[in-house]
Amino acid sequence: MSLKEKTYSVLVVSVSKNFITDMHTLLSSSKYEAVKYTGSVSSAKRANLEKAYDIVIIDTPLPDDTGDELAVDLSTNENSIVMMLVHYDLYEEVHENYSKYGIFVASKPTSVEILSQSLNWLKSARERTRSYEKRTLSIEDKMQEIRLVNLAKLKLITDKGMSEDEAHKYISKQAMDKCVNKGAIAQEILNK
């Protein structure tokens, strides 16, 4: 699936009517499936509890906080890609302090063109994290299969009197004969 076919959920946190209008224009295409606008850190936290967002854009400052802690929390505890917009006088300091968390920082005032380019960068970054998520799930699946196989071998050793090597070979041969993975055979053994 190409990047043009992917969709993204977006949380926009801002009190600026002009910024929200610009973002609404940019996020109105079919690439963005679930777009939510909030005007405070507390409402953004509530929105994030209801749904994890692919992209979070925080236009700082906000009425109840600067938004920097929210950005750090979402970038480290969730799979969200976060961008903070800060006044150009603060850009260097904020970038220095928050880029280590993977937070994108942009200065404002900005233009619709820059926001559009920024959205493309955020989507690219989200695709990269999705690939890591898939690899992590693959590793977790493999680890689960190893746990099942080890439990099945233990059952074969205790119930059938096999050695560990014999139990391993038995599971491997059954998997090959039935054209399934070892985890499926292990689960069959454990279910008996």
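These numbers come from a predicted model, not from an experiment.
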What are the two closest heavy atoms between [X] and [Y], and how far apart are they?
| X | Y | answer |
| --- | --- | --- |
| M84 | A71 | SD-CB, 3.4 Å |
| T38 | A47 | CG2-CB, 4.3 Å |
| I171 | A152 | CD1-CB, 3.9 Å |
| S75 | Y101 | OG-O, 3.4 Å |
| G39 | P63 | O-CD, 3.2 Å |
| A167 | I157 | CB-CG1, 4.4 Å |

Checklist entry - Going through the distances and angles, do D65 and L70 end up as a side chain to side chain contact (heavy atoms under 4.5 Å, CB included)? => result CA-CA 9 Å; D65 194 23; L70 173 67; 5.9 Å; no

Between [atom1] on residue [X] and [atom2] on residue [Y], distance to nearest 0.5 Å:
| X | Y | atom1 | atom2 | result |
| --- | --- | --- | --- | --- |
| K36 | R46 | NZ | CZ | 9.0 Å |
| Y8 | L27 | OH | CG | 13.0 Å |
| D59 | S16 | CG | OG | 5.5 Å |
| K51 | S9 | NZ | OG | 4.0 Å |
| L148 | E145 | CG | CD | 8.0 Å |
| N150 | H168 | CG | NE2 | 9.5 Å |

Checklist entry - When you look at I57 and L119, which way does the side chain to side chain contact (heavy atoms under 4.5 Å, CB included) test go after all the steps? => result CA-CA 9 Å; I57 301 169; L119 278 170; 3.8 Å; yes

Can you find a heavy atom in the side chain of [X] that is under 4.5 Å from one in the side chain of [Y]?
| X | Y | value |
| --- | --- | --- |
| Y32 | L26 | no |
| D68 | V94 | no |
| D165 | K169 | yes |
| K123 | K31 | yes |
| I103 | V72 | yes |

Main chain of [Y], side chain of [X]: is a donor-acceptor contact present, judged purely on distance under 3.5 Å?
| X | Y | answer |
| --- | --- | --- |
| K153 | M162 | no |
| K155 | K192 | yes |
| D64 | S40 | no |
| Y37 | H24 | yes |
| T60 | L85 | yes |
| S116 | V112 | no |
| T66 | P61 | no |

Checklist entry - Applying the side chain to side chain contact (heavy atoms under 4.5 Å, CB included) test to V82, which of T76, I58, L11 qualifies? => result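 It is I58; the other options fail the test.
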
Next on the checklist: Please identify which of these residues, V12, N48, L74, I81, meets the side chain to side chain contact (heavy atoms under 4.5 Å, CB included) condition with Y53.
Outcome noted: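 Filter result, single survivor: N48.
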
Item to check | Check against side chain to side chain contact (heavy atoms under 4.5 Å, CB included), I185 and E188 | outcome: CA-CA 5 Å; I185 298 300; E188 282 180 19; 4.1 Å; yes

Checklist entry - Under the side chain to side chain contact (heavy atoms under 4.5 Å, CB included) criterion, do I55 and M83 qualify, and how do the steps go? => result CA-CA 8 Å; I55 297 170; M83 180 174 78; over 6 Å; no

Item to check | Pair K160 + E166, salt bridge at N-O below 4.0 Å | outcome: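 Not counted as a salt bridge, because no side-chain N and carboxylate O are separated by less than 4.0 Å.
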
Checklist entry - What about I189 and V180, same hydrophobic cluster or not, with Ile/Leu/Val/Met/Phe/Trp/Tyr joined at side-chain heavy-atom distances under 4.5 Å? => result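 Yes, I189 connects to V180 through the hydrophobic network.
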
Item to check | same_hphob_cluster(L154, Y170) at 4.5 Å side-chain heavy-atom cutoff | outcome: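 No, no single cluster joins them.
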
Item to check | Whether over 12 other heavy atoms sit under 6.0 Å from Q117 CD | outcome: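 Yes - once you tally the heavy atoms of other residues, nucleotides and ligands closer than 6.0 Å, there are more than 12.
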
Next on the checklist: Tell me whether the count of non-hydrogen atoms from other residues, nucleotides or ligands lying under 6.0 Å of CD in Q144 goes above 12.
Outcome noted: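 It does: Q144 CD has more than 12 such atoms within range.
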
